[in-house]
Amino acid sequence: MDRLRTDTAHVWAVDLERETFEGHMLAETLSADEWMRADRFVFEKHRAHFVAARGYLRAILAKYMECKPGELAFFSCWTRKEAYLKAVGTGLTHSLKNFEVSLGRKAKLLWIKEGNIEDWTLLHLEPAEGYVGSVAIAKKDVEVKIVKHLLRDLCLNKGVH
């Protein structure tokens, strides 16, 4: 598949009437939010079209991003943006248009309006199966370790008087 370039536009067309069944094979890639939206349709035909369209959209984007359709979107992007906003200390008062993050498996700060992206570390996290997260640190090349312990394993009260 051709890579996207700034001087080229790719327009995709999918016949949802004809491709609905095949689109259902991609249904497992939809997020819980997308399934909730699909369930709002009164007629099965419209629900099936929505599922097929979202599945195809994920498949097409995944081809460009060189990842699996289930690895997209939304939560990886959102957690990366949220991590950056928390790191700069502004929260959602800072415009989401003042910076860009990568959408693929590799987390990367692509552009910031103020500052230097080289001064930042942005990492993708998978703390548990089915969960994604991100951490943004205002320092270059930081090693991040995920440490998992149960509270009882920390022994908070042992040896403390």
Side-chain angles (χ1 to χ4, degrees), residues 1-14 23 25-38 40 50-157 159-160:
M1 175 178 301
D2 292 339
R3 287 203 168 267
L4 285 178
R5 301 183 335 223
T6 57
D7 63 348
T8 305
H10 294 185
V11 177
W12 289 77
V14 176
M25 291 188 292
L26 296 170
E28 65 187 41
T29 67
L30 271 61
S31 68
D33 179 63
E34 288 169 315
W35 275 112
M36 288 188 335
R37 288 177 58 196
R40 290 186 200 138
F50 177 84
V51 170
R54 297 304 288 202
Y56 272 101
L57 175 61
R58 283 178 170 271
I60 291 166
L61 290 174
K63 282 270 192 205
Y64 287 113
M65 303 294 294
E66 298 177 349
C67 67
K68 295 177 184 175
E71 292 177 352
L72 294 171
F74 168 78
F75 289 112
S76 292
C77 177
W78 179 254
T79 61
R80 290 170 189 175
K81 287 186 173 269
E82 185 179 29
Y84 176 76
L85 291 173
K86 287 180 177 178
V88 295
T90 61
L92 290 176
T93 61
H94 191 76
S95 174
L96 295 174
K97 295 179 181 180
N98 289 338
F99 65 101
E100 293 179 14
V101 297
S102 63
L103 299 176
R105 186 136 178 93
K106 183 169 173 51
K108 187 174 180 183
L109 192 57
L110 300 175
W111 173 82
I112 53 177
K113 186 173 183 178
E114 297 174 9
N116 184 354
I117 61 171
E118 299 300 321
D119 296 335
W120 286 88
T121 298
L122 183 63
L123 297 170
H124 174 83
L125 304 174
E126 293 182 15
E129 188 175 332
Y131 292 88
V132 296
S134 297
V135 63
I137 303 167
K139 188 174 182 183
K140 186 177 179 179
D141 299 325
V142 175
E143 180 182 359
V144 174
K145 295 180 183 180
I146 296 178
V147 181
K148 297 180 182 180
H149 286 285
L150 296 174
L151 184 58
R152 68 174 183 261
D153 294 337
L154 293 176
C155 304
L156 294 175
N157 292 323
V160 178

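Note that the structure is a prediction, hence the values are computed from the model and not measured. Residue numbers start at 1 and run along the sequence shown.
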With a 4.5 Å limit on heavy-atom distance, are the side chains of F99 and L85 in contact? yes

Taken to the nearest 0.5 Å, the spacing of S134 OG from L125 CG works out to 6.0 Å

Rounding to 0.5 Å, atoms CG (D119) and NZ (K139) come to a distance of 11.5 Å

All heavy atoms of L109 vs all of V101, minimum pair found to be CD1-CG1, 4.0 Å

Separation between CG (L30) and CE (M36), nearest 0.5 Å, reads 12.0 Å

CG of L122 to CD1 of I117, rounded to nearest 0.5 Å, is 10.5 Å

What do you reckon, are the aromatic ring centroids of Y84 and W120 less than 6.0 Å apart?
-> yes

Taken to the nearest 0.5 Å, the spacing of I137 CD1 from E143 CD works out to 10.5 Å

The side chain to side chain donor-acceptor pair (under 3.5 Å) partner of S102 among K108, R80, H124 is R80

